[in-house]
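Comments concern the structure below.
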Amino acid sequence: KVELRWEPSDLWALALNLVSASRSYVTAVQAIDPSAGPGQWPREEERRQALLVPLWGNEMERGNKISTARFVQRRTSDGMDRLFPRTLVQLLDAAVEHQATLESSSDRVLRAAAVIAGYNKASAARVEDLRKEYVTLAVYLDALKGRKPTGTETEILEHLKKQLSKSTAARTRKTMGAPAGAPHAGPGGWHKVIARLLEMGVLREYKRAKGDGGEKKYEIALLYRPGLGIKAFGV
């Protein structure tokens, strides 16, 4: 098995390649680092992040001291820490569109509100991609919508079962059992659904707290929260 993984530094190079289509942005970059430019970005991640400060600022606005680069990185990676360049491109495209409705800032091209709007739209697109890629699990993604961002396996499964029970198909399953081939059918039952959501990167272990009795907790990756209608707590 060969897995292609993007590193954060690759993501920043992609962003720089996109914004360097603007000659004025290249001028701003070279004011920071005269040796930098299209095709010759510095190799160090920190230097690449510094060249993106004119794009989205060093930190988020409105008193939020979170690094903008970290904000974006966390929201373009899943629960397995896999980065999605397509999502970054979608985020930037939507952010540029939203920025056109905002007042400009003297220290950045994209205001924090534009970055957040881009993130929300890119998350919805990523959830839709996931539904198409994992067709048999789409029903569980839909059932996750609206729940809290963290929870134990028991709490998450209770929510899924409750949401699924509201549909006509689920009421049929309640009397006839799980359909053949359903992820929660057979040995392992509903535990397999949690395992698959972890493999997909929708869920990750939440290490800041435990559930009652020390039960392991999970969190829905920030990448997927807006697209699933879940409040995006966290950095």
Side-chain angles (χ1 to χ4, degrees), residues 3 5 71 73-84 86-87 90-91 94 116-235:
E3 183 178 20
R5 292 184 69 96
F71 181 94
Q73 180 182 331
R74 288 290 310 278
R75 286 157 177 78
T76 50
S77 61
D78 68 1
M80 299 285 285
D81 291 325
R82 294 173 297 208
L83 291 162
F84 294 87
R86 170 182 167 88
T87 301
Q90 292 170 331
L91 184 155
I116 293 170
Y119 157 54
N120 290 336
K121 192 166 183 178
S123 175
R126 178 61 196 152
V127 168
E128 186 59 28
D129 287 345
L130 206 62
R131 295 181 78 260
K132 293 175 181 177
E133 185 177 355
Y134 297 94
V135 177
T136 60
L137 293 166
V139 62
Y140 304 105
L141 293 175
D142 292 338
L144 276 175
K145 292 180 178 179
R147 72 151 281 110
K148 296 177 181 179
T150 65
T152 63
E153 178 173 324
T154 300
E155 291 167 343
I156 294 171
L157 290 181
E158 285 178 352
H159 177 88
L160 292 177
K161 293 173 184 178
K162 181 178 180 180
Q163 294 302 111
L164 289 173
S165 70
K166 294 178 180 179
S167 69
T168 302
R171 286 196 294 272
T172 301
R173 288 198 294 273
K174 189 174 181 180
T175 58
M176 300 178 62
H184 66 273
W190 283 92
H191 176 73
K192 291 186 298 184
V193 175
I194 296 295
R196 292 291 283 128
L197 291 173
L198 286 166
E199 292 172 10
M200 293 162 59
V202 174
L203 295 180
R204 69 190 307 160
E205 185 178 350
Y206 185 69
K207 298 182 178 180
R208 297 182 183 180
K210 296 283 187 181
D212 293 340
E215 187 179 358
K216 185 184 295 184
K217 294 189 74 170
Y218 299 99
E219 64 174 321
I220 296 170
L222 288 168
L223 170 60
Y224 296 111
R225 292 187 193 179
L228 293 174
I230 295 164
K231 194 165 183 179
F233 297 113
V235 176

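In this structure, Leu144 CG and Ile220 CD1 are separated by 5.0 Å, a value rounded to the nearest 0.5 Å.
Put simply, the residue from Leu223, Thr76, Leu222, Thr87 that forms a side-chain contact (heavy atoms from CB on, under 4.5 Å) with Tyr119 is Leu222.
Judged as a salt bridge (Lys or Arg N to Asp or Glu O under 4.0 Å), and not counting sequence neighbours, the contacts of Arg204 are Asp81. For Asn120, the side chain to side chain donor-acceptor pair (under 3.5 Å) criterion is met by no residue, not counting sequence neighbours. Residues forming a side chain to side chain donor-acceptor pair (under 3.5 Å) with Glu199 (at least two apart in sequence, or on another chain): Arg196. Under the rule for a salt bridge (Lys or Arg N to Asp or Glu O under 4.0 Å), the partners of Lys121 that lie at least two apart in sequence or sit in another chain are Glu97. Every residue meeting the salt bridge (Lys or Arg N to Asp or Glu O under 4.0 Å) condition with Lys145, not counting sequence neighbours, appears here in chain and number order: Asp142.
Without hydrogens or angle criteria, Arg82 side chain to Asp78 main chain gives no donor-acceptor distance under 3.5 Å. For Arg86 (side chain) and Arg126 (main-chain N/O), no donor-acceptor pair under 3.5 Å exists by modelled atom type.
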Side-chain atoms of residues 148-160: list all donor-acceptor pairs with protein atoms under 3.5 Å, sequence neighbours left out, distances to 0.1 Å.
{"from": "Thr152", "atom 1": "OG1", "to": "Glu155", "atom 2": "N", "distance (Å)": "3.2"}
{"from": "Glu153", "atom 1": "OE1", "to": "His191", "atom 2": "ND1", "distance (Å)": "3.2"}
{"from": "Glu153", "atom 1": "OE2", "to": "His191", "atom 2": "ND1", "distance (Å)": "3.0"}
{"from": "Thr154", "atom 1": "OG1", "to": "Glu215", "atom 2": "OE2", "distance (Å)": "3.1"}
{"from": "Glu155", "atom 1": "OE1", "to": "Thr152", "atom 2": "N", "distance (Å)": "2.9"}
{"from": "His159", "atom 1": "NE2", "to": "Ala143", "atom 2": "O", "distance (Å)": "3.0"}

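Across all non-hydrogen atoms, the minimal contact from Ala221 to Gly79 is CB-N, 3.6 Å. Annotation for Ser123 and Pro226: closest pair OG-CD, 3.3 Å, computed over non-hydrogen atoms.
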Step by step, would you call Tyr224 with Ile230 a side chain to side chain contact (heavy atoms under 4.5 Å, CB included)? CA-CA 8 Å; Tyr224 296 111; Ile230 295 164; over 6 Å; no
Apply side chain to side chain contact (heavy atoms under 4.5 Å, CB included) to residues Val202 and Leu137 and explain how you reach the verdict. CA-CA 11 Å; Val202 174; Leu137 293 166; over 6 Å; no
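The closest side-chain heavy-atom distance from Arg225 to Glu219 is below 4.5 Å.
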